[in-house]
Amino acid sequence: MTIPGIIGGLFLVLGAAFLLLAGLGLVRMPDLFNRIQAGTKATTLGTLLTLAGAACLRPEWTLKLLLIGLFILLTNPISSQVLARAAHRTGAAKSEKTTVDRLVDDTEERP
Amino acid sequence: MIRKFAALLILAGIAAIFTGLLFTYEPDAELNTTARYYAERTAADIGAANIVTAIVVTYRGLDTLGEVTVLFLTAAIVGLVLARGRRRKEDRHLAPVGELLATGSRFLAPLIILLGVYVFVNGHLTPGGGFQGGAIIASGVLLILLADPCRCLSHRIIDTVESVSGLFYVGIALLGIVLAGGFLDSHLLPRGELGDLFSAGAIPLIYSLIGLKVGAEFSSILAHLSETEEL
Amino acid sequence: MVDILIYIATALTGTGILLALYRFLKGPSPADRVVAFDTLTLMTVTLIVIIALAEGRGIYLDVAVVYALLSFLGVIAVARYLERGF
Amino acid sequence: MTRVPAIALLFATLLLFWLFLNGSLAGDVLVVGIVAALFIAILFRGGRSILSGFHFTPRTIFAALGYLVFFLAELIKSNLHIARVVLTPSLPITPAIVKVRTRLQSPMGRLLLANSITLTPGTLTVEIDGEWLYIHWVNAEATDIDAATAQIVAGFEKYLEVMYG
Amino acid sequence: MALIAMAAGFILILIGFYGALTNRNILRMIVAFTVADTGVNIVMVAVGYMRGRTAPILDNTVPAAAAAARIIDPVPQALVLTAIVIGMGVTALMLAFAYRFYEKKRTLDITKCTELKW
Amino acid sequence: MSGLLLALTILLAAAMIGAALVAILGKSMPIAILAAGLVSLLASVLFLLLASPDVAMTEAAIGSGLTTFLFFFILGRMRGGEHD
């Protein structure tokens, strides 16, 4: 019933809520790129918040939690980008709401 | 159709056995004799905080030697089976690697390999050990391969690491006969304080060698697979 | 109090896992499933941290470190396969 | 400020990483860490670390701190944005793939820029080609190059340009 | 908890066997084998689990003196550790042979492998 | 906290069985492989719940990492063969 305990617990719940949001975004978004957006951003912040919550609850784990957070910040965007690029190259379906696609324009212009 | 029916029949038999096993299973309330021995004696005898490591490296050390040998044979056979059909790779048409992946892999691969080293050096204190560390090192090698598919890994380095660490592993095992109680005895080095990095006798040394060897074996499997020609 | 908060967090993460799993089972294209896979690995890291908190063992975090560093390799492999990179 | 050799930077990064992992400064940990980091640094002579291309001056360190704060603020903003989009029943999105320009040259700086863009409100780097970045934007507000550059890239580039030059 | 995990492991074994028996594609059979492999490992670890005990690693929370009353059975874990590593080696071997088979026959259908029939 | 761990076990077991069904019955080969990787991933959390972090780490590094890769390497070499 300590103050850092409560704060850490709240962080945990907030992070988990963002993870839930990521799941919801995966289900609701209409096309692949929008799903990647929801999946990447919401899970990154969600995991970071969970790690922060755990660090509040157990201060002696802070170093390792910090390391996990750093890795997630560095690796998760890279994998999303590589996936988005691969999907775009193989011609993933885009929702009809998409207005402009400069990448397709430019790849067609080039020989 | 008859094939599927026969398969289902066999599965029904196995499922009946499994159900029987499941419903008669009674979890133990106490550790059995062997486990109790390990739990009570490891800290005093071996000095390793991770009891699983103590079992893998010392109590059942000979099994681990055999396992490493099996892995070595696997790597050799994979190399043998895939040895034919090498081809120069310049004529393969691959999708270019993006700049992001190239940069990211160049700076993440050393970190992954260092993580592997951490995992096997701390095998006697934290979860993990030679096999996990070796697998992580091989993952680092894999990242390099993914980011640059046409790169030929230096087989000489991999083979050297593999044979040198294997030799040292057997050498330490034989030294155990001379200097300590027997083959693969970890009391070669002082036991040290429980929880220190340099403790548990020769366990960190042996597990590091196992880690290097396993990492080299997995890497050589990966390198052989990546160098096969495209059909 | 803190226990209740951890319970709520687990329930939310569990629901998120189920939603991502739905996308994995249904996803029309392979790439959609890979996105779901990526999301699931990160949710797994959270789950590991929660398990470590519940059991009170800091050493479980080592597993989470391995996950955080290796999970993205799988996604990259599939992506490179899809764009015929190896 | 003189350039530090790449191998020394790699070594320093690896050693720092090792100390974070172990969480102690005991003598034996340090010795093993130095040996391991040295071996790996020699093995990856051409490798990069997060510091390669980083100029060590007080100004760049302040820029790095500013970048961190700005980045975290953007990350939180981006999640609120995603939350708003996902929770609105009508799903108000107008996706587009736009093209922006960057002035950064150093590989590490470009990687960080692309990563930051991926994690900020509604944008996702799809492809890098020379000085051009192609970005998927959930709620495209501007589709011509200059306006999009000003909105997406400028905030981060300001800091990264100081840090990595 | 151990019972649920064990049941899940058994079901995984059954699913894997079903896949290995009914598929004709070699690669799919190998995938099915890896699933069954995972199931076996889960069952073996679940046998060693005991309610209310913790991992067999000694640190501040589990002092060496109280170990026998606090930890679970470490022997199945050591076995499974070996099993997973060897399983990966076996998978690599099967894949290498599948590659050779494809190179020779240009197909992955196992019913096309007729050398041993007469 | 044992109720929490029990609920997590049930969740993971259900998710694993679903993923295993995809691995066996799925239409395309890459998805089957990915699903097998997912089974390993969830299994490793289950191992952690069963208080065996050593096994969990092995499964995470080998089962869901390297094995998946071996499959994709081989699959990449045999394009066209996966539809038999």
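So that the names make sense, note that chain A is the first sequence line, chain B the second, and so on, each numbered from 1.
Taken to the nearest 0.5 Å, the CE atom of Met57(F) stands 12.0 Å off from the OH atom of Tyr60(C). Considering OG1 of Thr68(F) and CZ of Phe37(C), their distance stands at 6.0 Å, rounded to 0.5 Å. Taken from CG in Leu4(F) to CG in Leu53(C), the straight-line distance is 10.0 Å, to the nearest 0.5 Å. Summarising the geometry, atom CD1 belonging to Ile50(C) is positioned 11.0 Å from atom CG belonging to Leu5(F); distances are rounded to the nearest 0.5 Å. The line from CG of Leu25(C) to CG of Leu21(F) is 9.0 Å long, rounded to the nearest 0.5 Å. The CG atom of Leu82(C) sits 7.5 Å away from atom CZ of Phe72(F), with the distance rounded to the nearest 0.5 Å.
When heavy atoms are compared at a cutoff of 4.5 Å, Ala7(F) does not approach chain C at all. Ala35(F) touches chain C through backbone and side chain together, each having a heavy atom under 4.5 Å away. When heavy atoms are compared at a cutoff of 4.5 Å, Thr41(C) approaches chain F by way of both its backbone and its side chain. Proximity to chain F (any heavy atom under 4.5 Å) is shown, for Val63(C), by both the backbone and the side chain. For a residue to count as touching a neighbouring chain, one of its non-hydrogen atoms must lie under 4.5 Å from one of that chain's; by this rule Ile59(C) does not touch chain F. Contacts of Ile33(F) with chain C are absent, with no heavy-atom separation under 4.5 Å from either backbone or side chain. Of the two parts of Leu73(C), the backbone and the side chain both hold a non-hydrogen atom closer than 4.5 Å to a non-hydrogen atom of chain F.
Chain C forms more heavy-atom pairs under 4.5 Å with one residue of Leu12(F), Leu38(F), Val22(F) than with any other, namely Leu38(F). The most heavy-atom pairs under 4.5 Å with chain C, out of Leu11(F), Leu66(F), Leu49(F), Ile31(F), come from Ile31(F). Each of Ile48(C), Thr10(C), Leu70(C) has some count of heavy-atom pairs under 4.5 Å with chain F, and the biggest count is that of Thr10(C).
Here the side chain of Tyr67(C) pairs a donor or acceptor atom with the backbone of Leu41(F) at under 3.5 angstrom.
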I would like to know whether Val45(F) and Ile51(C) meet side-chain contact (heavy atoms from CB on, under 4.5 Å); could you show each step before the answer? CA-CA 9 Å; Val45(F) 185; Ile51(C) 294 172; 3.9 Å; yes
Evaluation steps, side-chain contact (heavy atoms from CB on, under 4.5 Å), between Glu55(C) and Leu48(F): CA-CA 10 Å; Glu55(C) 299 227 344; Leu48(F) 200 65; over 6 Å; no
